[in-house]
Amino acid sequence: MRQTKSKLASADAPILEAPYRREALEALVARYGSPLFLIDCNVVRERYGQLSAALPGVELHYALKPLPELGVVRALAAVGASFDLATSGEVALVKAAGIPAERCIHTHPIKRDSEIRDALRYGVRTFVVDNEDEIGKFVKHRTRAELLLRISFRNPTAAADLSKKFGCTPGDAPQLLALAGRLGLKVRGLSFHVGSQVADAAAHASAVDACSAILAAGRQTGQHPLDVLDIGGGFPTYLDGSEGEKIHAFCAPIRAALARLPAGIRVIAEPGRFLVGAAGTCLTSVVGRARREGRWWYYLDDGVYGTFSGQIFDAVRYPIDSLKTEGERTPATLTGPTCDSIDVIREGLLLPELEAGDVLVGRMMGAYTTACATDFNFVPRARVLTVNP
Ligand SMILES: Cc1ncc(COP(=O)(O)O)c(C=O)c1O
């Protein structure tokens with residue numbers, strides 16, 4: 001399991017009022033050091049409530065991958081969330097959080113037998129497959145596992161088209177269902193993921209309609225229960241944090257499509273970034289500076305190999321500013337601590353003149369940031385601090 005370093009026990013976790021005041025952030029850096037990564041559980045709970053209201057009747061399984069943190073799992077469990085796991089490390093994390101296995105599904109379409117066994121040993125019963133070989137892996141587990149068949153719906157407009165790498169075509173579904181039936185496996189339903197950070201929910205809605213037809217046809221064979229539809233993740237965040245107020249309108253086409261499903265289908269979603277994107281704040285300090293070609297270059301203790309890795313892996317440019325506000329702002333360059341020249345966070349950012357020790361704050365950094373951070377150059381990762389547990 002990827003362990004975040006220096007995680008605080010929740011009993012020690014600070015209570016912070018949002019929006020955070022400069023003095024509060026400076027006090028945290030003085031106390032805990034820099035770089036620091038704050039996760040605000042109040043925001044996570046708020047987003048969970050907003051998405052639940054936007055998708056009534058849909059079981060929300062938090063996809064751990066964007067922010068696999070104990071504090072987040074505990075906060076979400078306390079408000080009724082379920083969980084979407086993809087690796088044995090994620091199984092270990094929910095286990096550590098004391099989450100009952102019945103509240104978890106395993107959705108990685110391609111996995112080792114050891115990972116299937118780890119999840120089964122924990123008590124997970126629902127797994128995802130998308131091809132013949134993967135179906136075959138479950139023959140020996142058929143008395144304990146039931147399957148969701150993942151269908152691909154390509155969506156080039158998504159920031160990450162997750163139907164390119166995974167999923168069978170809708171046309172392949174009948175023969176895969178038949179194969180599973182012949183092998184004595186129970187297919188509980190279908191799943192899809194129309195891509196992460198989608199522009200609108202049209203792709204979700206048409207995928208629901210297409211799955212509805214596959215479910216109806218599949219049910220006629222009587223081989224499988226086919227009473228579950230997992231509509232994946234993809235619910236977007238916005239850099240101004242407005243996703244909470246926009247999510248109800250965003251989900252309108254999904255609600256309409258779900259209303260067209262035959263009665264008795266249990267619907268699951270696997271939201272990731274929507275629940276945690278706004279909850280993450282990065283605090284990083286100036287280590288040194290240099291004047292190059294008439295501009296300040298500030299060398300920070302966090303960068304694109306660390307918490308800002310989402311700029312590379314997720315193509316997001318997070319809002320970043322200095323805590324210091326006094327003084328004339330001029331265009332400056334922010335770089336990370338490694339020796340690599342791609343480790344540049346931002347160029348031409350208007351900043352007051354900074355010096356070593358001054359703190360910068362990156363916002364909207366909860367999803368796919370610290371989760372993707374590396375140890376390149378042996379630069380220590382940001383310390384993770386859960387606030388408002
Ligand atoms: C199977 C699966 N479910 C859920 C998610 C979460 O997606 P998002 O963060 O876009 O909500 C992902 C992201 O990669 C995924 O692969």
Side-chain angles (χ1 to χ4, degrees), residues 2 44 47-48 50-52 54-55 58-69 72-73 76 81-87 89-91 93-94 104-111 115 119 124 126-131 134 147-168 189-201 203-204 207 211 228-238 243-244 246-247 250-251 254 267-280 309-310 313-316 364-372:
R2 191 191 68 80
V44 176
R47 291 291 179 275
Y48 179 81
Q50 288 157 332
L51 188 56
S52 301
L55 291 174
V58 176
E59 249 177 58
L60 300 184
H61 287 246
Y62 170 53
L64 263 64
K65 45 192 87 58
L67 189 57
E69 289 293 333
V72 171
V73 171
L76 282 170
S82 297
F83 297 90
D84 159 22
L85 316 175
T87 62
E90 293 182 355
V91 170
L93 182 54
V94 289
C104 301
I105 56 174
H106 192 292
T107 65
H108 201 309
I110 314 278
K111 53 223 158 284
E115 299 201 80
V124 176
T126 307
F127 294 82
V128 168
V129 294
D130 71 357
N131 68 81
E134 204 67 17
L147 305 178
L148 300 178
L149 179 63
R150 178 151 161 182
I151 315 285
S152 158
F153 296 100
R154 294 297 307 273
N155 185 6
T157 65
D161 179 3
L162 292 167
S163 280
K164 184 174 178 192
K165 185 168 167 183
F166 297 117
C168 68
L190 305 179
S191 77
F192 62 79
H193 197 308
V194 291
S196 200
Q197 186 73 18
V198 298
D200 60 52
H204 285 91
C211 285
V228 173
L229 177 61
D230 178 345
I231 65 171
F235 310 98
T237 56
Y238 306 110
E243 65 277 354
K246 291 182 177 150
I247 192 66
F250 176 92
C251 288
I254 305 179
V267 183
I268 290 173
E270 304 165 9
R273 76 171 70 238
F274 178 83
L275 297 180
V276 295
S309 60
F313 292 123
D314 208 26
V316 180
M364 294 301 295
M365 291 187 65
Y368 306 109
T369 54
T370 180
C372 311

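For ligands, and for the atoms within them, numbers begin at 1 and follow the listed sequence. On a predicted model such as this, the values are computed, not experimentally measured, just so you know.
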Under 3.5 Å donor-acceptor, S82 side chain and C104 backbone: no

When you check ligand 1 against the protein, what N or O pairs turn up below 3.5 Å? List the atom names and distances, or just say none.
from     : atom 1 : to   : atom 2 : distance (Å)
ligand 1 : 3 (N)  : D84  : OD2    : 3.2
ligand 1 : 3 (N)  : E270 : OE1    : 2.5
ligand 1 : 7 (O)  : H193 : NE2    : 3.0
ligand 1 : 9 (O)  : R273 : N      : 2.9
ligand 1 : 9 (O)  : Y368 : OH     : 2.6
ligand 1 : 10 (O) : S196 : OG     : 2.4
ligand 1 : 10 (O) : G234 : N      : 3.1
ligand 1 : 11 (O) : G234 : N      : 3.0
ligand 1 : 11 (O) : G272 : N      : 2.8

A207: what forms a side-chain contact (heavy atoms from CB on, under 4.5 Å) with it, not counting sequence neighbours? F153, F192, V194

Between V72 and Y62, is any pair of side-chain heavy atoms under 4.5 Å apart? yes

Could I get the full list of side chain to side chain donor-acceptor pair (under 3.5 Å) partners for K65, not counting sequence neighbours? none

Apply side chain to side chain donor-acceptor pair (under 3.5 Å) to H204 and list each qualifying residue two or more places apart in sequence or on a separate chain. none

If you measure from CZ on R150 to CG on L148, what distance do you get to the nearest 0.5 Å? 11.0 Å

